[in-house]
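First up is the structure itself, then whatever we jot down about it.
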Amino acid sequence: MSNKAILEYDGKKYEFPVLIGTENEVAIDIEKLRGQSGIITLDPGFKNTGSCKSAITFLDGEKGILQYRGYTIEELSEKSSFIEVAFLLIFGELPTQVELEKFKKDIKKESMVSEEMKNILDGFPRSAHPMGVLSSLTSALTAFNPIPVNVNDPKAVYNAVCKIIGKFAVISAWAFRNSEGLPLNYSDNTVDYVENFMQLMFKIPTEKYVVSPAVVKAMDQLLILHEDHEQNCSTATVRVVGSSHAGLFASISAGVSALWGPLHGGANQAVIEMLEEIQNDGGDVEKFILKAKDPNDPFRLMGFGHRVYKNFDPRAKIIKKAADDVLESLGIEDPILDIAKHLEEVALKDEYFVSRKLYPNVDFYSGIIYRALGIPTGMFTVMFAVGRLPGWIAQWLEMREGKEPIGRPRQLYVGATKRPYVDIDKR
Ligand code: SDX
């Protein structure tokens, strides 16, 4: 493969280095393009533009491959745990038994949240969407942990990682409890992360809380499947916000807000709302497929399509099977799972979806499992955020430790050219 690319414009030739990644991806390094030629590139939505080199997650959209630090998502979701994968993503290697136990213990040490945070929470109406509450509380954590992370000090980095992982689960659950008018729970450090999260969410003071191992395993697997996904919208946001040297909590808060959008993490909530709409409308799947194909109808098949996957999202395959397993193990019959499967079957035979390579993505089936586990629809995207947190942290650290420049894109100006001011009595 050639190690350079040549751009020819206006009778001049410009040469740029070509970089080859460890999975043989090819990139033209245009860092010197504007300096050499005065020209910029334009790429709305960055569909063809890499923002960074990264060693964290590799995905191949054509082949439906997803790997965290070289390990396949299929193996990790089967054999690992959310906290172990968090260690892998953030520190680059699978932990030893000693490292893992220490990591779990150090996270538990950080599972208390300042009592004053409750005053902020009390200011939200119960109707507030939990994602808006979570973004605000995450940013507010800065007020109670004001010392910026010294990214050159591994111990400071490790402590900051444990702090935000420990506290994020609590404030995520508190966002839910606030929306339900329920008393806030404290962490139970005698149980592991996922079981603790479930009790933070659902334990009521008057009863002992028991969660089945099947539910914990299903939740753990779902969180692993959401842990990172290279430069998606919210992760790119975390990296850009962090590139100004804004703090880790502030950068994560920005990521929560980006994830909230229905085209991104908010899709898991939108999928269930769409399936319920189809069910309430009588279950006529073909009618909604027609709506999704109609360019004049804003309706989209939520949970379908992906910027990168032009094949089955490997996470969707695993989650689809897990949905069957969880509902069977819990003895739940959920008619919207049947609607989802029917919708998938019809869409994958329809030329509109086939020609555009629109397949179910991670959000298409995840909500069905969350429902079965008792998570309310409004909390689905919060679940996505709880899962994605370690990836955001890993990507933020990679950007800061790599001393990357502040993210500041250029633009092509197409507005009014220079003109004189007009006094108001002459307009
Ligand atoms: C996530 O990037 C990541 O990695 C994200 C994520 C992660 O882990 O971080 O994987 C998580 O965000 C998954 C995606 C969740 N979003 C949804 O399910 C919302 C529905 N999907 C779409 O809105 C859309 O597919 C996107 C946003 C996911 C991707 O949009 P693109 O890549 O910008 O593609 P596009 O909008 O340009 O669509 C290309 C064509 C268009 O038709 P034409 O103009 O060519 O005629 O496909 C059509 C679109 O109208 N299309 C759809 C569709 N998705 C795309 N038509 C109907 N239903 C859909 N869902």
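Note that ligands are numbered from 1 as they come in the structure, with each ligand's atoms numbered from 1 the same way.
- To the nearest 0.5 angstrom, Y71 atom OH is 13.5 Å from T57 atom OG1.
- Distances between N or O atoms of D313 and those of ligand 1 include no value under 3.5 Å.
- H229 ND1, 2.6 Å is the protein heavy atom nearest to atom 4 (O) of ligand 1.
- The aromatic rings of Y186 and W174 sit perpendicular, their planes meeting at an angle over 60°, well past the 30° parallel limit.
- Every atom of ligand 1 with a heavy atom of R388 under 4.0 Å away is listed here by number and element: 7 (C), 8 (O), 9 (O).
- Ring geometry for W260 against H129 counts as tilted: the plane angle lies between 30° and 60°, on a 0 to 90° scale.
- Residues Y14 and Y9 keep their aromatic ring centres 6.0 Å or farther apart.
- Atom 51 (N) of ligand 1 lies below 4.0 Å from at least one non-hydrogen atom of the protein.
- In this structure, the protein non-hydrogen atom closest to atom 12 (O) of ligand 1 is H264 ND1, 2.9 Å.
- Here K317 does not pair with D313 in a salt bridge; the nearest charged N to carboxylate O distance is not below 4.0 Å.
- Applying the 4.0 Å criterion to heavy atoms of G303 picks out, from ligand 1, the atoms 17 (C), 18 (O).
- Of all atoms in ligand 1, listed by their number and element, those nearer than 4.0 Å to a heavy atom of A267 are 15 (C), 16 (N), 17 (C), 18 (O).
- Residue contact check: R356 has heavy atoms under 4.0 Å from atoms 40 (C), 42 (O), 43 (P), 45 (O), 46 (O), 47 (O), 48 (C) of ligand 1.
- For atom 28 (C) of ligand 1, the closest non-hydrogen atom of the protein is G305 O, 3.7 Å.
- Each of the atoms 57 (C) of ligand 1 lies under 4.0 Å from some heavy atom of A292.
- Aromatic ring centres of H229 and H264: separated by at least 6.0 Å.
- No heavy atom of Y309 sits closer than 4.0 Å to any atom of ligand 1.
- Residue L358 has no nitrogen or oxygen atom sitting less than 3.5 Å from a nitrogen or oxygen atom of ligand 1, judged on distance alone.
- Within 6.0 Å of CD on E8 lie more than 12 heavy atoms contributed by other residues, nucleotides or ligands.
- Per-atom contact check: atom 14 (C) of ligand 1 touches the protein, criterion being a heavy-atom distance below 4.0 Å.
- For the residue pair Q395/D228, the side-chain donor-acceptor check at 3.5 Å is satisfied.
- Aromatic pair Y359/F304: ring centres not closer than 6.0 Å.
- Regarding atom 19 (C) of ligand 1, its nearest protein heavy-atom neighbour is M302 CE, 3.7 Å.
- For ligand 1, the polar-atom distance check finds an N/O of L301 within less than 3.5 Å of one of the ligand's N/O atoms.
- Applying the 4.0 Å criterion to heavy atoms of H306 picks out, from ligand 1, the atoms 2 (O), 3 (C), 4 (O), 5 (C), 6 (C), 10 (O), 13 (C), 25 (O), 28 (C).
- Using modelled atom types and a 3.5 Å distance limit, the side chains of S234 and N232 yield a donor-acceptor pair.
- Electrostatic pairing of R315 and E74 does not count as a salt bridge here, judged by no charged N lying under 4.0 Å from a carboxylate O.
- Counting heavy atoms only, R300 comes closest to atom 30 (O) of ligand 1 of the residues R300, K47, K293.
- Within a 4.0 Å radius of atom 39 (C) of ligand 1, the protein contributes no non-hydrogen atoms.
- Of all the atoms in ligand 1, the ones that sit under 4.0 Å from a non-hydrogen atom of R307 are 29 (C), 31 (P), 32 (O), 33 (O).
- With atom 56 (N) of ligand 1 as the reference point, the heavy atom nearest to it among F384, F304, F353, Y352 is part of Y352.
- Among the atoms of R315, some N or O lies under 3.5 angstrom from an N or O of ligand 1.
- The environment of CD1 in I28 is sparse: at most 12 heavy-atom neighbours from other residues, nucleotides or ligands sit within 6.0 Å.
- Using a 4.0 Å heavy-atom cutoff, E230 is absent from the residues neighbouring ligand 1.
- Under a 4.0 Å criterion applied to the non-hydrogen atoms of N232, ligand 1 contributes the atoms 2 (O), 3 (C), 4 (O), 5 (C), 9 (O).
- Checked against a 3.5 angstrom limit, the closest N/O atoms of L263 and ligand 1 fall inside it.
- Salt-bridge check for K105 with E101: failed, with every basic side-chain N at 4.0 Å or more from each acidic carboxylate O.
- Using a 3.5 Å distance cut-off with no hydrogens or angles, the side chains of D106 and Y158 do pair a donor with an acceptor.
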